[in-house]
Amino acid sequence: MAKPVSQGRSNSTQRIIVSHIEQNLSEIKQRMQHACQRSKRDPAEITLIAVSKNFPADDVRIAYEAGHTQFGENRWQEAESKIPLLPQSLQWHYIGSLQRNKVRKVLPHFCLIHSIDSLRLATYTNELAKELGLFPRVLLQVNLAGELSKGGFSAEELYQDAAALLQLERLEICGLMTVPPAVEDPEQARKWFRGVRELRDQIESLHSVTLPVLSMGMSGDFEVAIEEGATHIRVGTSIFGRRQY
Ligand SMILES: *Cc1c(COP(=O)(O)O)cnc(C)c1O
């Protein structure tokens, strides 16, 4: 039986997209394996999140039919129309900056929210979770480079707010997430990834908690991130292609 054809795409275009996405996924998995070998890690520790922002539900379905189940979106407005078009067995990760007025919508649909970037947002999310009867799994986004264009806790803020964050009874805080400054050579990102891992280790020992998840690494730098301890990598361009805005 022929695969369903997306609207507006010819059969042959659709076939080319299917084979690209399948091939890209298997190439990424090979590169993940090599990075694991170099750093003596078990590939089973690492989750590949396919970031489908700016790509249609049909492309997500292609990756799903190739056996992939974890997907990332960064805007509720876009995710909202995509999620209902796809099987419920997909797992969605919310990776974009989260506005307060979207929290209520986002909470029920995502298996992990990567982008809790302030105590204020965490407190609000905790209150809504109580109201909705949910116990969301979340990550704290950190911004060690202090880039103004990006959200996230500085190391100082995280030290200061950690006790209050860890007391929020409805949030399952699983670890840290980061988007380091854009660099030309992925080696330049290594210090940020390492810094996030060390910050995680510090918070763990100061507060006697475990924060097993480190969400870091994108198309350009995921191998370095794996070498520095990433457990979740978020890859868009290298799976789905260049985004057109
Ligand atoms: C878009 C995005 C990614 C994926 O980036 P690529 O370079 O396309 O792999 C990862 N994380 C976040 C937070 C993003 O917004």
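For the numbers below, each heavy atom of this structure counts, side chains included, while hydrogens, waters and symmetry mates do not. Atoms within a ligand are numbered from 1 in the order they appear, just like the ligands themselves.
Within the 4.0 Å heavy-atom criterion, neither part of H114 lies near ligand 1.
Among the atoms of S238, none of the N or O lies under 3.5 angstrom from an N or O of ligand 1.
At the shortest separation from atom 5 (O) of ligand 1 among protein heavy atoms lies M218 CE, 3.7 Å. Regarding atom 1 (C) of ligand 1, its nearest protein heavy-atom neighbour is K53 NZ, 1.5 Å.
None of H114, H232, Q141 except one satisfies the side-chain hydrogen bond (donor to acceptor under 3.5 Å, both in side chains) rule with S215; the exception is H114. With respect to E73, the salt bridge (charged side-chain N to carboxylate O under 4.0 Å, His left out) criterion is satisfied by exactly one of R234, K82, K102, K53: K82.
Every atom of ligand 1 with a heavy atom of R234 under 4.0 Å away is listed here by number and element: 4 (C), 9 (O), 10 (C), 11 (N), 12 (C), 13 (C). Close contacts between ligand 1 and V235 involve ligand atoms 9 (O) [criterion: under 4.0 Å to a heavy atom]. Short contacts between ligand 1 and I95, defined as distances under 4.0 Å to a heavy atom of the residue, involve ligand atoms 11 (N), 12 (C), 13 (C), 14 (C). Distances below 4.0 Å separate heavy atoms of G236 from the following atoms of ligand 1: 4 (C), 6 (P), 8 (O), 9 (O). The T237 neighbourhood of ligand 1 comprises atoms 6 (P), 7 (O), 8 (O), 9 (O), with distances under 4.0 Å to a heavy atom of that residue.
For the pair S52 (side chain) and F55 (backbone), a donor-acceptor distance under 3.5 Å is absent.
The existence of a salt bridge linking E131 and R104 is confirmed by a sub-4.0 Å separation between a basic side-chain nitrogen and an acidic carboxylate oxygen. For E127 and K130, the salt-bridge test fails: no basic side-chain N is under 4.0 Å from an acidic carboxylate O.
Scanning G241, S219, A182 for the heavy atom closest to atom 7 (O) of ligand 1 points to S219.
Using bins of under 30°, 30° to 60° and over 60° for the plane-to-plane angle, the ring pair W92/F71 lands in the tilted bin.
Scanning all heavy atoms of the two residues, the minimum distance from D221 to P180 falls at OD2-CG, 4.2 Å.
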